[in-house]
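Residue numbers begin at 1 in each chain, while the letters A, B, ... track the order of the sequences.
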Amino acid sequence: MKPVLAHSWDVTPAQARQIQLELRDRVELEGRERKLHRIAGADAALDLQAGRVIAGVVIYRFPDLVEIERVWAEAPLTFPYIPGLLSFREMPAILAAFEKVHEPPDLIYYDGHGYAHPRRFGIACHLGVALDRPAIGCAKSRLIGRHEEPPAKRGGWTPLEDGEETIGAVLRTRAGVKPVYVSQGHRVRLGRAIELVLAVSDGYRIPRPTRDADHFVESVKRARCASSGQA
DNA sequence: GCGACAG
DNA sequence: ATCTTGTCGC
């Protein structure tokens, strides 16, 4: 699948923030979900030696989560890590990977924040808008916002708030483990996003799609490094 | 000015 | 994210 957006990725941090401000209004916070036949998990890893970003996408049938496809791609590492500007580091590789997908998903889970972002445009929003697909952000730690400790049982959650606004949820996907930060990416209401994260969470803290994508990119990276070490 | 800060 | 030893909990 190809992006419906085509802005430059070769930008300065100041230009990146400006692009976020220009694109933030494209995010749809109300649900506009299509029937869920396929979902996707996506993530990226870094090969600092090669100066490359490796991205992986795993596609599943929903709701039984039978895997039907996995693809990966890489792109040069051209942007530094700056909190709030993660998409400008990882998205070129992610979009390259999605170009190789044969069965476009009806929903994307990304390892990072969506609406729970200083300018309400985290990478899950950027990806959802760019691919014109519903998306959910699933982050392992907080970027902004305040919250109470969620109930210890699976499914327990508390709102993530920035001032008076609820920007996400802190969700326990499994009893007794650290919670996951869920936020809206695109075309999914927060309550629905929580349901959908729980629907794909099993015995681990991180939801299945995100975890599989993480393991996948790590394996690709190991294989890459192994072959380059003998070349 | 100082602290916070996804991956 | 990545690097990286010993250590804590189940």
Practice prompt. For DNA chain B, just give me the dot-bracket, please: Watson-Crick or G-U, both distances below 3.5 Å, ( ) intra-strand, [ ] crossing earlier pairs, | paired with another strand, . unpaired.
Written response: .......

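- A:Val58 and A:Trp72 fall within a single hydrophobic cluster, where Ile, Leu, Val, Met, Phe, Trp and Tyr are joined by side-chain heavy atoms under 4.5 Å apart, directly or via other members.
- Looking only at distances, no side-chain donor or acceptor of A:Arg211 sits under 3.5 Å from a matching main-chain atom of A:Arg205.
- Residues A:Tyr60 and A:Glu103 have side chains that never bring a donor and an acceptor to within less than 3.5 angstrom of each other.
- Distance CZ (A:Arg174) to P (C:dC10): 12 Å, rounded to an integer number of Å.
- Under 3.5 Å, the side chains of A:Tyr81 and A:Glu90 contain no donor-acceptor pair of N or O atoms.
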Item to complete: Would you give a per-nucleotide map of nucleotides 1-7 of chain B, 5' to 3', where B means the base has a protein non-hydrogen atom under 4.0 Å away, S means only the sugar-phosphate does, and - means neither?
Response: ---SBBB

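- Within 6.0 Å of the CZ atom in A:Arg34, the count of heavy atoms belonging to other residues, nucleotides or ligands exceeds 12.
- Ring-centre distance between A:Trp9 and A:His126: below the 6.0 Å cut-off.
- If you measure from atom NE2 of A:His215 to atom P of C:dA1, you get 11 Å, rounded to the nearest angstrom.
- Note: CD (A:Glu218) to C1' (C:dA1) measures 9 Å, nearest angstrom.
- Between A:Lys221 and C:dA1 there is no side-chain polar atom (N or O) within less than 4.0 angstrom of OP1 or OP2.
- Among the protein residues, A:Ala45 comes within range of the sugar-phosphate backbone only, with heavy atoms under 4.0 Å from sugar or phosphate atoms but none that close to a base.
- A donor-acceptor pair is defined here as one N or O able to donate and one able to accept, closer than 3.5 Å; no such pair exists between the side chain of A:Arg61 and the backbone of A:Glu67.
- Summarising the geometry, atom CG belonging to A:Leu65 is positioned 5.5 Å from atom CZ belonging to A:Arg208; distances are rounded to the nearest 0.5 Å.
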